[in-house]
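Only one structure is covered here, and it is reproduced in the block below.
In what follows, chains carry the letters A, B, and so on, assigned in the order in which the sequence lines appear, proteins first and then strands, with residues in each chain numbered from 1. In what follows, every heavy atom counts, from backbone to side chain, and hydrogens, waters and symmetry copies are set aside.
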Amino acid sequence: METTAEKKYTFKDFQSDQEVRWCPGCDDYVILRSMQKALPEMGVKKEDVVFISGIGCSSRFPYYMNTYGMHSIHGRAPGIATGTKLANPDLSVWVMTGDGDSMAIGGNHFIHVLRRNIDLNIVMFNNEIYGLTKGQFSPTSLVGQKTKSSPYGNTQPPFLPGELALGAKARFFARIGGNNPKDMTRILIEAHKFKGTSLIEVLQNCVIFNDGCYTQYTDKVVKEDKQIYLEHGKPMIFGKNKDKGLVLNGLKLEVVTIGENGITEKDILVHDAKEKDPTMHQMLVRLEYPLATGVIRSFNDVTLEERENALTEQVKANSKFTKTDDLFFSGETYEVK
Amino acid sequence: METTAEKKYTFKDFQSDQEVRWCPGCDDYVILRSMQKALPEMGVKKEDVVFISGIGCSSRFPYYMNTYGMHSIHGRAPGIATGTKLANPDLSVWVMTGDGDSMAIGGNHFIHVLRRNIDLNIVMFNNEIYGLTKGQFSPTSLVGQKTKSSPYGNTQPPFLPGELALGAKARFFARIGGNNPKDMTRILIEAHKFKGTSLIEVLQNCVIFNDGCYTQYTDKVVKEDKQIYLEHGKPMIFGKNKDKGLVLNGLKLEVVTIGENGITEKDILVHDAKEKDPTMHQMLVRLEYPLATGVIRSFNDVTLEERENALTEQVKANSKFTKTDDLFFSGETYEVK
Amino acid sequence: MITTKNNGPVEVLEGVVIRFVGDSGDGMQLTGTQFSDTSAMFGNDIATFPNYPAEIRAPQGSLYGVSGFQVHIGSVEVSTPGDDLDLLVAMNPAGLKTNLHAVKPGHTIIVDTDSFTKKNLEKAKYESNPLEDGSLDNYSVIEVAMTSLTKEALKDVVGLDNKSITRSKNMFALGMVYWMYHREKDYTIDFFNKKFKNKPLIIEANTKVLNAGYFFAETLELIPNSYTISPAKMEKGTYRIIMGNAATAWGLLAAAEKSGLELFLGSYPITPATDILHELVKHKHFGVKAFQAEDEIAGISSAIGASFAGDLAVTTTSGPGLALKGEALGLAMMIELPLVVVNVQRGGPSTGLPTKTEQSDLLQAMYGRNGESPVVVIAASTPANCFNYAFEAAKLALEHMTPVILLTDGYIANGSAPWKVISVKDMPEIKTNKVTEYSENWHPYDRHEDTLARDWAVPGTPGFEHRVGGLEKDSITGNVSYVPENHEKMTHLRAEKIKRVQNYIPNLKTEFATEGDLLVVGWGGTYGSLHSAVKQFNEDGNKKVGLAHFNYINPLPKNTEEVLRKFKKIIVCELNSGQFVNVLKMNFKNLDIYQHNKVQGLPFANSELIDQFKQLVK
Amino acid sequence: MITTKNNGPVEVLEGVVIRFVGDSGDGMQLTGTQFSDTSAMFGNDIATFPNYPAEIRAPQGSLYGVSGFQVHIGSVEVSTPGDDLDLLVAMNPAGLKTNLHAVKPGHTIIVDTDSFTKKNLEKAKYESNPLEDGSLDNYSVIEVAMTSLTKEALKDVVGLDNKSITRSKNMFALGMVYWMYHREKDYTIDFFNKKFKNKPLIIEANTKVLNAGYFFAETLELIPNSYTISPAKMEKGTYRIIMGNAATAWGLLAAAEKSGLELFLGSYPITPATDILHELVKHKHFGVKAFQAEDEIAGISSAIGASFAGDLAVTTTSGPGLALKGEALGLAMMIELPLVVVNVQRGGPSTGLPTKTEQSDLLQAMYGRNGESPVVVIAASTPANCFNYAFEAAKLALEHMTPVILLTDGYIANGSAPWKVISVKDMPEIKTNKVTEYSENWHPYDRHEDTLARDWAVPGTPGFEHRVGGLEKDSITGNVSYVPENHEKMTHLRAEKIKRVQNYIPNLKTEFATEGDLLVVGWGGTYGSLHSAVKQFNEDGNKKVGLAHFNYINPLPKNTEEVLRKFKKIIVCELNSGQFVNVLKMNFKNLDIYQHNKVQGLPFANSELIDQFKQLVK
Ligand SMILES: Cc1ncc(C[n+]2csc(CCOP(=O)(O)OP(=O)(O)O)c2C)c(N)n1
Ligand SMILES: Cc1ncc(C[n+]2csc(CCOP(=O)(O)OP(=O)(O)O)c2C)c(N)n1
Ligand code: SF4
Ligand code: SF4
Ligand SMILES: [Mg+2]
Ligand SMILES: [Mg+2]
């Protein structure tokens, strides 16, 4: 694990000298700022932080962070980050990616990094569109959505990122609105603390090609009534006046009103993000009203590098080889005189 | 949809002239024979059947079928089959693949074909190993499993194919033991009937590199006690003497004994494969005792080609273009005299 | 480039080059298109080239946010969007700063003085105001307060919001330029009426402003350094302005109709190829199946599957995508299925310069696969003939049962030019190798004597059931074969099949000279630049220089060697570090070959080419 | 090949070629290995080549289920496993059928008559029994009922199951061959004792049978057409028998230790490269991180990530996998990180002939990426020097900050030969470009004057925080740059950086002649075949012919042109349709180049090469 920094940073320390080139009003600015604010809180040394991205508007992110970074090729950031982390487990490695970068061309690396549970943090900017290429539908675009490549409406049903991730054995999954820097910052810090692959889906508005795709949930006015912000150990309560809650009815989650027909806060489900069995987390991920945000799943499991290091230590302990010469001159050699 | 065959076939009609070259005792022979027996039942014309595979022992399958077939490249069969089906929706298209072919190199195409729900059938030969390359661990190999590429034990936690598939929005998922030709044949026919992408996971024993990986479930002796064979609309009962059943306790499935402490058959859950919400199906997929086999999920949904055809008809109806000339000479043209 | 009889500024010109530049938001693309369309209607030959910023919406007034559109109109054949500018219209300081270098000394610059505010000057990194510090002394600068004048013109149009008002100032500029070059306003006004059918206010506003600009120029009697450009002597017929990518898409549509097949496209978006996908998805009325796949590999895979099932199958991409398709392309070659792969080249390597042009994927197209896997490689050379070569790619793929790579590039793909519309009935026949009637002892790898193509027996056809695959196969039955001699035989057959395509493609023709001291050789998208440079070089009364421009790269035209040997020296000009030149060296011994290469993401400039020629023929 | 003083069969030979063939289950690989190891111990030079069936476990007795192991032992330098056989040991009819063609007329064949049953003869597609129908008349056939004799030998070993009994008949054959060639049994008996430590019964059985075979031969006084082979004059030192793939893995281990870096392998299994992964996963004791990825792209991606973080990063694959890695390789080249890519070539194209050898990925290695993306390409030429060139690949990658492609092939990767073990301390130094102490105005793309390599500033190092990426970057700051001149400058810098590697690699040496009528040119895994053919050709008293074998392909050795021009004619011999010959043509004008190509998934045969040479020098 990365050693903590003596020096106290401010967000300024993480700003690079590059002009930020996203469209005015793009949620990407919010994510950038939240990250720059979260990092000083994490107590990690600047030189130990690495941002690796693929290609897309979202993937321009590393250029704007004054840390180590790689703006790699489309979809491959999870693979690259895996190598970086295995090479040096002391680094805090972040994959910054878009819905297309991670789930279209990068889909295979995305599911495998989650399966392996290596200690990386993945931030997915989900704007349900290909932004950089100027507006084609993505694997999260809705059926019927009209885009440059679907002028008559999209015919491909979307993935639900959280559903796919949990199907791929994700141990940590969080979801947050792109216009909510406060909670986003908190979640980034939680993701960093979590040992294992953490995935954060940001509902990111693309003002140019998919403007308003989340307003029904994220608009300041409706937000509190349409979203539930989940916290481990806390009851699943939401609503402007905190009077709505979730209960289980068979295998369905139901919204009830506290105070109405005898419902009290005790009847409301309490969120257990740390539960190993993902059933409830999957139900929450699929919930449409209210939309679940916050850390939905955070199950502690052994990481790939922990398993690898353990094996390596064990093998080293039982091996007679310390230098390659030991190997080269071992076993079936013979002398020519 | 493929037109039905007048002529009645026998399994012989589907045997090609090629010598079958799997290891003696390999479950792949069972799958081959089951397919050759199932096809005549489907009432589809021989010339309308296409088998497309990637690379692997399992992917040798098309050579042994006297139909159209393609032994393509590693992992790409779902993509190729998608093109074949979109080009000619009248064909009955089968993807024959292994755990590595489909979920290692082919993982991205695998999840996307399931998401799109195009009317294909996928048979995954899951032997939890790379057979053709002589025994490396695969994405379904167990942690600790010793293979040529994990002499000290595998450190990568496996996918559960059904879990990944449902996370990718699979509408049809079935699981069956590789030593169970009878039910396998039935399931192949059901998969064929299903409109949409159907995925069948065969628990296939590799006698050379992973022998016995499923015996705890598939061994003739324990089979009935360790497996539950699910059928839509039937109670979830299993056991040699059909006295065990599944009930729901909160979000967990529990095994109960009919007759013991007041449990009657009425208390046992009834399997609803057609339910849209996958929660129960996911629980069944994850169940370790008993192991769920049979058709676990079979939810009817619109297929990609149905959506596409509908749009095309609509566009054709409202368009003034029937020949390309109409387009070429339309709009902003001008004359040079 | 400007082909003046001599260089005096006030001669009647055969052509002018105009560039409109401003903020991404200023509507420069629309302005440019209107001017070029109008000129085309008037009968000029034209060539245009847009220049977008790499960012989607760059901050207002920033240097990298400048959007430009260049138009070259001529009364004689025009083959490039031109190099140096006769007129620059700059809507803001950033536009002026980034484009001034292109203006010919003594020539005209129109600026919107209202936009030269302190803030904008800073954003454009100007220490002092160029309109005041004399740095524009050797240009004739026309300073116009366009924004104010636009507001003025619209002051009594009621109900119009400020945004719409300022956004229409580009029409003021257009109006001025129309007057200066004696263009009619009607076409553009018609355009307003169509485009904004349901927004009468916008129609009124744009029309008013266009007129205002026009009359403003009239009253000021603004005279550019050039007079009217008379219509070009162009072949009779129906024309339209077309962009290269659209032409490619349409060529494929034509090929599908001509061959009686359905068109299948499997593609993943990538700049600058995406517009082909955008175009083809529109045409469901022709039954086009355009499938946006999850990645490039799935794109080509789905196309292979569609080809197996009997469609005219296509996949479109750009450099990095072609790299990803290599393995699957090898499969298509191995199982000998027809497949068209369109690669719109961009600046490389890696992600490189996605929005810029280059010709650096040629050797990748030739060799970017494992093993000996020859495919046909052809290249389009103008925006308009993207139509013909897309059609040709499909024809060759279908008639020879092979993948065909069509190379275009960002320059011709985004450039536009007049296209003499051709009816599909006038396009050459396409005979596919499809078989329908099964006869005894047919084999999947029986070949046609002439082309060596195998039959195309598609699923659904009774009797022909067979298996294909990526393993080496017996030369007749197609069954897997590990026999050494068979492998060698198949390797040679696959090579010979491609070689034989020579018998079905036109001979190489030279322009300007069929023999002499110097032959200029090029391929693909550089045709326009090379043609005009060689033309001018010859006109300038130098030694005769020939031009041989290749559209067929693998195989090369039969008479290639013969043509090359007729010249003492050869110079191969490419927008890469020298790739086609290597193809020639592999094929022909002892040629005296020179090369001129440019790797700047830009097309050749006339002047640089002519300098090169001069050095070789004294 | 056999280098007899003349072709008479009963001469003392400098070497013999023996092939053991039988069912996959007959343990032929073990038998062959034992014979070659024993011979090596005895001091012979050896070369071996296994030949597995493509199927994992083919049905018993089937033709495609035959497994073979060839050993060439010599008292003089042995450079190939040999072509024609002096002795064939066939454990069943299928083995005889598929290998007879390789036996030299008049030479010896040992068969297990017990296996020549009706059933087995049918499986081997024999109409009649070759032992009876006279079809073996011009060979000296030794018929032995090995199975019965084995049973006999073991009849009083109690508690031994039938399977184990029949399975040990290969030791009977080995025993016979040991006697015929005067080999000691001890080494093999030691081997039994180690291998079956906990299975005393098996040790006893195998030992008994080995002896039985040995004494059987003795009593029958079986005399082959050749006597003992005296020890070869080999350099003094410690030797071991090593396979090419293992040597590659070990070379990388040595490079990691020498450079003081940790070794990272990111790989996806693929024949015939997988054994490198198999070898490296064993060496966790050296801290090797061998990561089996989900596919080839993830394999190279993880390696790029590890290189970025400061490991010696490697990815291993074969043809189709290299095709998939193209795009990512372009990224590594663009961001100028050290990376070793090992490509073990196999029969192509597409899936091709996965278990066979070929050299057809050379041009893919050179050009299989988008844009101008030069990397270093080198090739190993023997099983043993896979060690050296793997080490060299790592050294060049680290010292020049570039990807390096190492080409080997199935022939040398699976072949084995004696390797004179070298201690890591005797290997050349490796100086990485890592930086640790930050000093003001350092830039990520500052370059070292000599190599043009940039610094390797890895995450975790304070002060050096910087960003790299696939977009074109400013030649110093590394920031994204769309400046045309910068792009051209960077393109040239990247090319020049690779060119400069010339200053750090050895000059090309010729063997047998430094000038003359004919120069034989080869590269990579064909060294053994070419060397022995040219050697014999010269010995046979023909005109002097030189051999120039290339291990460095991009860049070529500095003195290449000079060497080539010293010969009147050049013949380039390759196991492809002619790829390296094109590299030479691109680089050097007016050479009189011929080529000999073979694409059968097999190595060159001595005879075919010599015929070629004869035609060129009369
Ligand atoms: C190999 C490759 N294929 C395609 C592209 C073109 N491309 C760049 S970004 C992108 C998709 C971006 O969408 P997303 O990941 O959602 O990022 P966003 O721009 O929306 O933030 C595509 C298709 C590419 N750069 N490289
Ligand atoms: C591009 C590519 N990479 C790797 C390989 C090597 N390869 C062939 S099959 C295979 C895995 C097979 O495993 P699986 O899909 O489970 O099939 P099985 O043999 O177990 O039935 C691999 C890695 C290949 N043929 N092509
Ligand atoms: S295109 Fe959309 S996602 Fe990209 S920068 Fe602009 S607003 Fe943001
Ligand atoms: S290796 Fe395993 S999977 Fe492959 S054929 Fe043999 S038994 Fe079947
Ligand atoms: Mg997006
Ligand atoms: Mg498997």
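- Of the listed residues (B/Ile52, B/Asn66, B/Ile73, B/Val315), the one with the most heavy-atom contacts under 4.5 Å to chain C is B/Ile73.
- Residues B/Met124 and B/Ile200 have side chains not in contact (no heavy-atom distance under 4.5 Å, counting atoms from C-beta outward).
- With a 4.5 Å cut-off on non-hydrogen atoms, B/Leu311 touches chain C through its backbone and its side chain both.
- Contacts of C/Asp37 with chain B are absent, with no heavy-atom separation under 4.5 Å from either backbone or side chain.
- Contact annotation for C/Ala328: both backbone and side-chain heavy atoms come within less than 4.5 Å of a heavy atom of chain B.
- Contacts of residues 322-337 of chain B with chain C at a heavy-atom distance below 4.5 Å involve B/Thr322, B/Lys323, B/Thr324, B/Asp325, B/Leu327, B/Phe328, B/Phe329, B/Ser330, B/Glu332, B/Thr333, B/Tyr334, B/Glu335, B/Val336, B/Lys337, listed in sequence order.
- Contacts of C/Tyr438 with chain B are absent, with no heavy-atom separation under 4.5 Å from either backbone or side chain.
- Heavy-atom distances place no part of C/Ala313 under 4.5 Å from chain B, backbone and side chain included.
- Taking the six-membered ring for Trp and the full ring otherwise, the centers of B/Tyr9 and B/Phe14 sit less than 6.0 Å from each other.
- Between the side chain of C/Ser259 and the backbone N or O of C/Ala255, at least one donor-acceptor pair lies under 3.5 Å.
- Most heavy-atom pairs under 4.5 Å with chain B: of the set C/Ile304, C/Thr461, C/Leu253, this distinction falls to C/Thr461.
- At distances below 3.5 Å, at least one donor-acceptor pair connects side-chain atoms of C/Ser302 with backbone N or O atoms of C/Gly299.
- For C/Tyr239, the parts lying under 4.5 angstrom from a heavy atom of chain B are both the backbone and the side chain.
- Residues of residues 53-62 of chain B placed with any heavy atom under 4.5 Å of a heavy atom in chain C are listed by number as B/Arg60, B/Pro62.
- Both the backbone and the side chain of C/Ala298 have a heavy atom closer than 4.5 Å to some heavy atom of chain B.
- Across all non-hydrogen atoms, the minimal contact from C/Gly478 to C/Tyr445 is CA-CD1, 3.5 Å.
- Considering B/Trp22, B/Phe51, B/Tyr29 as possible partners of B/Tyr64, the one that fulfils the ring-ring contact (aromatic ring centres under 6.0 Å, His included) test is B/Trp22.
- With hydrogens and angles ignored, the 3.5 Å screen pairs a side-chain donor or acceptor of B/Thr197 with a backbone N or O of B/Ile118.
- Considering all non-hydrogen atoms of both residues, B/Asn117 and B/Glu305 come closest at O-OE1, 4.2 Å.
- Of the possible polar contacts, one joining the B/Asp101 side chain to the B/Gly75 backbone as a donor-acceptor pair under 3.5 Å is found.
- Interface remark: C/Lys420 contributes no atoms to any contact with chain B (heavy atom separation under 4.5 Å).
- Contact tally against chain B (heavy-atom pairs below 4.5 Å) for C/Ile242, C/Ile241, C/Leu331: the top residue is C/Leu331.
- Using cut-offs of 30° and 60° on the angle between ring planes, the pair C/Phe308 and C/His466 is perpendicular.
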Item to check | Criterion side chain to side chain contact (heavy atoms under 4.5 Å, CB included) on B/Leu32 and B/Val20, from CA distance to verdict | outcome: CA-CA 10 Å; B/Leu32 178 62; B/Val20 183; 4.0 Å; yes

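- For the pair C/Arg467 and B/Tyr68, the cation-pi criterion (under 6.0 Å, within 45° of the ring axis) is not fulfilled.
- Closest approach of C/Pro418 and C/Met234 over heavy atoms only: CB-CE, 4.0 Å.
- In this structure, chain B has a heavy atom under 4.5 Å from the backbone of C/Ile422, while its side chain stays farther away.
- In terms of heavy-atom pairs under 4.5 angstrom with chain B, the leader among C/Lys425, C/Lys289, C/Glu262 is C/Lys289.
- No donor-acceptor pair closer than 3.5 Å links the side chain of C/Asp455 to the backbone N or O of C/Val435.
- Note on C/Gly469, C/Pro462, C/Ala256: by heavy-atom pairs under 4.5 Å with chain B, the leading option is C/Pro462.
- Taking B/Glu308, B/Met65, B/Met70, B/Glu47 one by one and counting their heavy-atom pairs under 4.5 Å with chain C, the maximum is reached by B/Glu47.
- Inter-residue side-chain proximity for B/His112 and B/Pro78 is flagged as unmet; no heavy-atom pair is nearer than 4.5 Å.
- Side-chain contact, B/Asp48 with B/Ser92: no donor N or O sits under 3.5 Å from an acceptor N or O.
- C/Glu257 touches chain B through its side chain: at least one heavy atom from C-beta onward sits under 4.5 Å away, while N, CA, C and O do not.
- A distance-only check finds a donor-acceptor pair linking the side chain of C/Lys434 to the backbone of C/Gly310 [under 3.5 Å].
- In terms of heavy-atom pairs under 4.5 Å with chain B, the best-connected choice from C/Ala457, C/Gly463, C/Ser307, C/Gly266 is C/Ala457.
- With a threshold of 4.5 angstrom between heavy atoms, C/Glu327 approaches chain B through its backbone and through its side chain.
- Of the possible polar contacts, none joining the B/Lys85 side chain to the B/Gly83 backbone as a donor-acceptor pair under 3.5 Å is found.
- Looking at C/Phe464, both its backbone and its side chain come within 4.5 Å of chain B, counting heavy atoms on both sides.
- A donor-acceptor pair is defined here as one N or O able to donate and one able to accept, closer than 3.5 Å; no such pair exists between the side chain of C/Ser481 and the backbone of C/Lys473.
- Heavy-atom distances place the side chain of B/Arg116, and not its backbone, under 4.5 Å from chain C.
- C/Val458 touches chain B through its backbone: at least one of N, CA, C or O sits under 4.5 Å from a heavy atom, while the side chain does not.
- The greatest number of non-hydrogen atom pairs below 4.5 Å with chain B, out of C/Lys236, C/Lys194, C/Glu294, is found for C/Glu294.
- Using a 4.5 Å heavy-atom cutoff, the side chains of C/Met334 and C/Glu472 are in contact.
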